[in-house]
Number of protein chains: 2
Amino acid sequence: MKMKINIYDVARIANVSTATVSRVLNNKSNVSPETRHKVQEAIKKLNYRPSAIARGLVLKHTKTVGILATDITSPNYARTACAMERELFHIGYNAILCNTGGSIENNKAYLQMLVNQGVCGIICIGSVFKNTLQETLMLSEFSHIPFVLSHCQIPADNTYSVVINEKHGIRLCVEHLLEKGHRDILYVKDADTYSGERKKSAFRENMARLDLPINDKTIFNTYRSFEGGIAVVKDILASGTKFSAIIFGDDITAAGGLFALKKAGYKIPEDVAIIGYNNSPASICCDPQLTTVDNKTDIMGNLSVKLLQTVLEKKETTRLLTVTPELVIREST
Amino acid sequence: MKMKINIYDVARIANVSTATVSRVLNNKSNVSPETRHKVQEAIKKLNYRPSAIARGLVLKHTKTVGILATDITSPNYARTACAMERELFHIGYNAILCNTGGSIENNKAYLQMLVNQGVCGIICIGSVFKNTLQETLMLSEFSHIPFVLSHCQIPADNTYSVVINEKHGIRLCVEHLLEKGHRDILYVKDADTYSGERKKSAFRENMARLDLPINDKTIFNTYRSFEGGIAVVKDILASGTKFSAIIFGDDITAAGGLFALKKAGYKIPEDVAIIGYNNSPASICCDPQLTTVDNKTDIMGNLSVKLLQTVLEKKETTRLLTVTPELVIREST
DNA sequence: TACTTTTATGTAAGCGTTTCCTCTCTCTTA
DNA sequence: TAAGAGAGAGGAAACGCTTACATAAAAGTA
């Protein structure tokens, strides 16, 4: 019993050579309409599907791209990864998912694995990758394959970036709070990533630009989680800093902060206004619902794929795409 | 300039045949220790990595498995998919991610694509697949590859299942509420899936078993979302049904319900107790925090992969694994 | 009409592995 | 000492495709 139909079977049935079958398969010219039709009939009759593996072997690459993420459990990354995969499938590619967990060794192992699999491109989600990639990408074994970096930039010939304008996101927050009459605004940084750093400095700049008070007691640090939010509010209250609004680096941290502030007797938004970041599902479940910044992560995913596509088609393209976040105003401000 | 090192290069440097290199690569016997060592040195020296594609061609399959999900944007699925991918990588496989969006055509297209890619197994997350798969899997083109179904069962030779005991999950909810003194318990079904159906009937059974009132006004329907939760609470209040507790099919729906009840002047949990389902990040952000059921989705992911692995190794194995959910008691009850 | 060009098709090599088969050499054993 | 067994290694085919090259027929050109 024959396991799988191959191109020879089709050639035999259609009474042509395998070269011809291959030509119709790949929509090459130089095939007469009648022959083309004959071949297509044979394909249909046999229900033939070309083996992506065999094709990959001769072409030295497959229509596959690797998606490297630290952890798609995080809602933003999940949204991005999902959008990417959809778009990839739509244009005939498929996606190998890699959750590196942020470890450098894993990262390298994954990259290695991806090139062995013959991926034609790699997309990285998240700014954590900057560290690893910076050095790794210089290695010759990766230099031939294009990288699209979502959320970070690296000066290497084979990298392209899609970034979010965090500066603008923070600016929207600060200006919104100012409009609402707040002047004593705090910022909570909850991640040691490049993106976290950029948001923090954007906060500084905007506060300075608008002549709002800014010093070493207006920025607090914690870790991204509900508990991290609770902890930082404790710090804030203990510090005795004067404040009427807090911007958090992420919704989940904001949710924890909100929780703690309410427990401490503050009314939100009357006593203190709160803004989260990332517009995650949780932000809507808070009471009051969180004002937050939507990072358009799905759009970033789509754009990343489209960028990669134009690179793969060897078309002229820009190396950097910037998307603009939006403020989602809800009850907490 | 040579693009990539191949097995011939290694053979040449080690002064052996490619057959021998292949044997050490695959840890076959019949290689003398000295030869093995020579080859390993050559591999290290050249930094050689065998091509997964070429290997795939001769083996007719790659160390790749497809993960079919409707939408990994949903926190549970993301958690499962993430756990699966981690475990797969750990045992040397990689994962092709597929977000079908629930459409039957997509589903078939994805399956087709996966077999063309030579995956050695497919894991499906979610009970939606039952419909499509039931018929599709009978097709001979899929019969040779093993399927692991997370969340559903299908009577086909090449399928294996990992399911969650929803019955038990619901039982925990009802008994917990009964302990708290509730008798008038409502159930909100928010998904037309097999799993949704099972939870609903489990609710019926448990209410009956415990002699609690159950009729056509104790079960309500809506769609899974914050808004769906708001809408169903409106329905419930309009129906005039007597109730002191509500179990929702999902946290996000519960969050919407909670929101609506508070707006309507109910105190939670004093006036009415609420239980969600799935232990999603959002459940912790609600005020009061939601009591919910943890589906152990990461464990399900791990088990799915392990099940697949034993199948691939042709070892004897059970066709069905059941995991037991846990009640997470928080403030809303 | 005789030529060049274009179009349609076939032949066969090659992509990088694995593995079956063969061969040689050494070690047993009668 | 000769035959047989077993271990270690190599030769070469096979996996299913693409494509450079070759060839033949058709079409265009003068």
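Computed over heavy atoms, backbone and side chain alike; hydrogens, waters and symmetry mates excluded. All chains are named by letter (A, B, ...) in the order of the sequence lines, taking the proteins before the strands, and each is independently numbered beginning at 1.
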If you compare every side-chain N and O of [X] against the phosphate oxygens of [N] (OP1, OP2), does one of them come in below 4.0 Å?
| X | N | value |
| --- | --- | --- |
| A/Asn26 | D/dT18 | yes |
| B/Lys4 | C/dC15 | no |
| B/Thr20 | D/dG8 | no |
| B/Tyr48 | C/dT17 | yes |
| B/Ser32 | D/dA7 | no |
| B/Asn30 | D/dA9 | no |
| A/Ser51 | D/dG16 | no |
| A/Lys28 | D/dT19 | yes |
| B/Lys60 | D/dG16 | yes |

Does [X] reach a base, just sugar-phosphate, or nothing at all? Heavy atoms under 4.0 Å.
| X | result |
| --- | --- |
| B/Ser22 | base |
| A/Val16 | sugar-phosphate |
| A/Ile53 | nothing |

Find the distance [X]:[atom1] to [N]:[atom2] and express it as a whole number of Å.
| X | N | atom1 | atom2 | result |
| --- | --- | --- | --- | --- |
| A/Ile7 | D/dC17 | CD1 | P | 5 Å |
| A/His61 | C/dG16 | NE2 | P | 14 Å |
| B/Arg23 | C/dT22 | CZ | C1' | 12 Å |
| B/Asn27 | D/dG8 | CG | P | 15 Å |
| B/Arg12 | C/dG16 | CZ | P | 13 Å |
| A/Asp9 | D/dC17 | CG | C1' | 13 Å |
| B/Leu59 | D/dG16 | CG | P | 12 Å |
| B/Ile43 | C/dT17 | CD1 | C1' | 13 Å |

The side chain of A/Ala19 lies closest to which of these nucleotides: C/dT9, D/dA12, C/dT11?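 Minimum distance to the A/Ala19 side chain belongs to C/dT11.
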If you check every side-chain atom of B/Ala54, which of C/dG16, D/dT19, C/dC20 has the closest atom? C/dG16
Minimal non-hydrogen separation, B/Thr324 against B/Lys296, with atom names: O-CG, 3.8 Å
Which atom names give the shortest non-hydrogen contact between B/Thr318 and B/Tyr160, and what distance separates them?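 The pair with the smallest heavy-atom distance is O-CD2, 3.9 Å.
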Between the base of D/dC15 and the side chain of A/Tyr8, is there any donor-acceptor pair under 3.5 Å? no
Counting N and O atoms only, with roles assigned by atom type, does the side chain of A/Thr322 sit under 3.5 Å from a partner on the main chain of A/Ile164, one being a donor and the other an acceptor? no
Where the side chain of B/Thr35 meets the backbone of B/Val31, is there a donor-acceptor pair that is under 3.5 Å apart?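 Side chain of B/Thr35 to backbone of B/Val31, a donor-acceptor pair under 3.5 Å: no, none is there.
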Distance-only donor-acceptor check, side chains A/Thr100 and A/Asn107, under 3.5 Å: no
How about B/Asp157: does its CG atom have over 12 heavy atoms from other parts shown lying under 6.0 Å from it? no
5′-ward residue of the pair B/Thr18/B/Val58 relative to DNA chain D: B/Thr18
